[in-house]
*Asks:* 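Could you have a look at this structure, given as structure tokens, before my questions?
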Amino acid sequence: MSLGSARAMATPSASLQSAIVRTDSVENVAVSRETVSDGAHNVMDSIDDSSPIARQLANETRRRERLIGRELPKPDRTRIFTVSNQKGGVGKTTTTVNIAAALASAGLNVLVIDIDPQGNASTALGIEHHADVDSIYDVLINDLPLKDVVAPCPDIPNLICAPATIHLAGAEIELVSLVAREQRLRRAIDVYAKEREKNGEGRLDFIFIDCPPSLGLLTVNAFCAASEVLIPIQCEYYALEGLSQLLKNIEMIQKHLNADLVVSTILLTMYDGRTNLAAQVASEVRQHFPDQVLGAVVPRSVRISEAPSYQQTVMTYDPSSSGALSYMEAAAEIAER
């Protein structure tokens, strides 16, 4: 959205005001299957397209129409993603839980492994992760089977989570003296996959590993366990500096520990279309990584920020919001690649 368009928002037309009242807010427009099939065009006909808010509303409606009835393909094998960025606050956990939730909502079997000592992914998925709960710490340090740790997400079928607890804060030090310290998570995942097959359970389609914002042994375990890296990048200048260092570290992992690891996906997050900086950062990242950057862009969204306080992802907290729509688009792109 240009600065001139932003100024035009100050005086909405009477027809636009009517549309806003009917939809509560632009971000919370709920376009269901019935709405799209029966009334979407009537709503759109009543909106003055000269307004920036009206154009945004029309754009979101068209994007939702493209997603309705869209079936996501199952991968030929389990795809394991490490969601990583050494810079904090770029949306790693938010991206992990919301893309996982979107894929699971589409009928795919998804596992989220939370190896961040803060346990924010566990919180967002409504999974208990207090100190008395068996967690991924026990898998890495005490060789507890992964099947004894995973718990189902209460809001979304097909989505399970291996939670993190505060004990992970000391795991970096404890891992140093253990045998095959970099491969412990990978082996636990392999054993769990074989146990699921033996028990007649469905194969996992996607595994997402939520990492802490550092390159310690926990993150190294995640890189060794995964075949793909998903990098969320905040649309600000500092994110570009952090990206170059992250790619160097991934290259080191590829050389010495996991030759199969590739940076397959980059997602632009916290995009603010009102600023030139966000557009410049997005353009530069797309120029350098044309094949990795997703077409979907996640905007700054109050709904995305609010959802974890209710122990939910934005996909269940407000599925009609612009943030949920963006993550659904991102999930669809990932599944179809």
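These figures come from a predicted structure and were not determined experimentally.
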*Asks:* Could you tell me the separation between the CD1 atom of Ile127 and the SG atom of Cys153, rounded to the nearest 0.5 Å?
*Replies:*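 Spacing of CD1 (Ile127) from SG (Cys153) equals 5.5 Å.
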*Asks:* Near Asn142 CG, under 6.0 Å, is it more than 12 heavy atoms from other residues, nucleotides or ligands?
*Replies:* yes
*Asks:* In a check of side chain to side chain contact (heavy atoms under 4.5 Å, CB included) between Val263 and each of Leu230, Leu246, Ile231, Leu243, which one passes?
*Replies:*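 Single pass found, and it is Ile231.
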*Asks:* For atom CZ of Arg196, is the number of surrounding heavy atoms from other residues, nucleotides or ligands below 6.0 Å larger than 12?
*Replies:* yes
*Asks:* Is there a continuous path of hydrophobic side-chain contacts, each under 4.5 Å between heavy atoms, that joins Ile99 to Leu111?
*Replies:* no
*Asks:* Surrounding CD of Glu71 (heavy atoms of other residues, nucleotides or ligands, distance under 6.0 Å), is the total greater than 12?
*Replies:* no
*Asks:* Could you tell me if the side chain of Leu247 sits less than 4.5 Å from the side chain of Phe289, heavy atoms only?
*Replies:*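 They are in contact (side-chain heavy atoms under 4.5 Å apart), so the answer is yes.
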*Asks:* Between Thr316 and Tyr310, is a side chain to side chain donor-acceptor pair (under 3.5 Å) present by the stated rule, with each step listed?
*Replies:* CA-CA 10 Å; Thr316 55; Tyr310 293 88; over 6 Å; no
*Asks:* I need the minimum non-hydrogen distance between Ala296 and Leu267, along with the two atoms involved.
*Replies:* O-CD1, 3.5 Å
*Asks:* Taking the side chain as C-beta and beyond, is there a heavy-atom pair between Asn221 and Leu140 under 4.5 Å?
*Replies:*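 In contact.
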*Asks:* Nearest 0.5 Å, what's the OG-OH distance between Ser305 and Tyr317?
*Replies:* 10.0 Å
*Asks:* Strictly below 4.0 Å, N to O, side chains only: are Arg79 and Glu228 in salt-bridge contact?
*Replies:* yes
*Asks:* Quick one: sort the Phe208 and Phe81 rings into parallel, tilted or perpendicular, breaks at 30° and 60°.
*Replies:*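 Because their plane-to-plane angle is under 30°, the rings of Phe208 and Phe81 count as parallel.
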*Asks:* Report whether Leu204 and Val97 are members of the same hydrophobic cluster (ILVMFWY, side-chain heavy atoms less than 4.5 Å apart, transitive linking).
*Replies:* no
*Asks:* To the nearest 0.5 Å, how far apart are OG in Ser264 and CG in Asp291?
*Replies:* 11.5 Å
*Asks:* If you compare all heavy atoms of Gly89 against all heavy atoms of Gln234, which two are closest, and at what distance to 0.1 Å?
*Replies:*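 Gly89 and Gln234 have their closest heavy atoms at O-OE1, 3.6 Å.
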*Asks:* Does a salt bridge link Arg184 with Glu174, judged by any charged N lying under 4.0 Å from a carboxylate O?
*Replies:*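 Judged by the 4.0 Å cut-off on N to carboxylate O distance, Arg184 and Glu174 do not form a salt bridge.
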*Asks:* Under a single-linkage definition using a 4.5 Å side-chain heavy-atom cutoff for Ile, Leu, Val, Met, Phe, Trp and Tyr, are Val302 and Met270 assigned to the same hydrophobic cluster?
*Replies:*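 Different clusters.
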*Asks:* side-chain contact (heavy atoms from CB on, under 4.5 Å) between Thr313 and Leu125: does it pass, once the steps are laid out?
*Replies:* CA-CA 7 Å; Thr313 66; Leu125 295 176; 3.7 Å; yes
*Asks:* Could you go step by step and tell me if Thr82 and Cys211 meet the side-chain contact (heavy atoms from CB on, under 4.5 Å) rule?
*Replies:* CA-CA 7 Å; Thr82 287; Cys211 296; 3.4 Å; yes
*Asks:* Dump the intermediate steps for side chain to side chain donor-acceptor pair (under 3.5 Å) on Ser320 and Asp318, then the final yes or no.
*Replies:* CA-CA 5 Å; Ser320 64; Asp318 190 353; 2.8 Å; yes
*Asks:* Is there a side-chain contact between Val90 and Ile233 in this structure, where contact means two heavy atoms from C-beta onward sitting under 4.5 Å apart?
*Replies:*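 SC-SC contact between Val90 and Ile233 ruled out.
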*Asks:* Nearest 0.5 angstrom please: Gln183 CD to Asn258 CG, how far?
*Replies:* 7.5 Å
*Asks:* Find the distance between CG (Asp138) and OG1 (Thr165) and round it off to the nearest 0.5 Å.
*Replies:* 6.5 Å
*Asks:* Can you check whether Pro75 reaches Arg203 side chain to side chain, under 4.5 Å on heavy atoms?
*Replies:*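 Yes, side chains in contact.
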*Asks:* If you look at every heavy atom in Asp134 and Pro163, which pair is closest and at what distance?
*Replies:* O-CG, 4.0 Å
*Asks:* Consider only side-chain heavy atoms of I, L, V, M, F, W and Y, link residues closer than 4.5 Å, and tell whether Leu144 and Ile113 are in one cluster.
*Replies:* yes
*Asks:* Taking atom CD of Gln245 as the centre, report whether more than 12 heavy atoms of other residues, nucleotides or ligands fall under 6.0 Å from it.
*Replies:*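 Count over threshold, so yes.
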*Asks:* Please determine whether a side-chain nitrogen of the Lys or Arg among Arg303 and Glu306 lies less than 4.0 Å from a carboxylate oxygen of the Asp or Glu.
*Replies:*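 A salt bridge is present here (some side-chain N lies under 4.0 Å from a carboxylate O).
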*Asks:* Answer yes or no: is there a side-chain heavy-atom contact under 4.5 Å between Gln86 and Thr219?
*Replies:*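 No, their side chains stay 4.5 Å or more apart.
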*Asks:* I need the minimum non-hydrogen distance between Arg286 and Val293, along with the two atoms involved.
*Replies:*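 Distance-wise, the nearest heavy atoms are NH1-CG1, 3.4 Å.
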*Asks:* Consider only side-chain heavy atoms of I, L, V, M, F, W and Y, link residues closer than 4.5 Å, and tell whether Val112 and Ile156 are in one cluster.
*Replies:*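 Both belong to a single hydrophobic cluster.
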*Asks:* Apply the side-chain hydrogen bond (donor to acceptor under 3.5 Å, both in side chains) test between Thr123 and each candidate in Gln118, His129, Glu128; give the one that qualifies.
*Replies:* His129
*Asks:* Return the minimal non-hydrogen interatomic distance between Gln311 and Asp155, and the atom names on each side.
*Replies:* O-OD2, 3.9 Å
*Asks:* How far does CG of Asn276 sit from OG of Ser283, to the nearest 0.5 angstrom?
*Replies:* 12.0 Å
*Asks:* Given Glu284 and Val281, is the side-chain contact (heavy atoms from CB on, under 4.5 Å) satisfied, shown in steps?
*Replies:* CA-CA 5 Å; Glu284 190 165 342; Val281 170; 5.8 Å; no
*Asks:* Could you report the tightest heavy-atom contact between Ala106 and Leu72, atom names first, then the distance?
*Replies:* CB-CD1, 3.6 Å
*Asks:* Would a 4.5 Å heavy-atom cut-off, applied to side chains only, mark Val298 and Tyr327 as touching?
*Replies:* yes
*Asks:* Could you go through Ile136 and Leu185, starting from their C-alpha distance and side-chain angles, then the distance that decides it, and tell me whether this counts as side-chain contact (heavy atoms from CB on, under 4.5 Å)?
*Replies:* CA-CA 9 Å; Ile136 199 67; Leu185 181 59; 4.0 Å; yes
*Asks:* Less than 4.5 Å apart, side chain to side chain, heavy atoms only: is that true for Asn199 and Lys194?
*Replies:* no
*Asks:* Is it true that the side chains of Asp260 and Ser227 contain a donor and an acceptor less than 3.5 Å apart?
*Replies:*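 Short answer, no.
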*Asks:* So does Asp116 pair up with Lys92, basic N to acidic O under 4.0 Å?
*Replies:* no
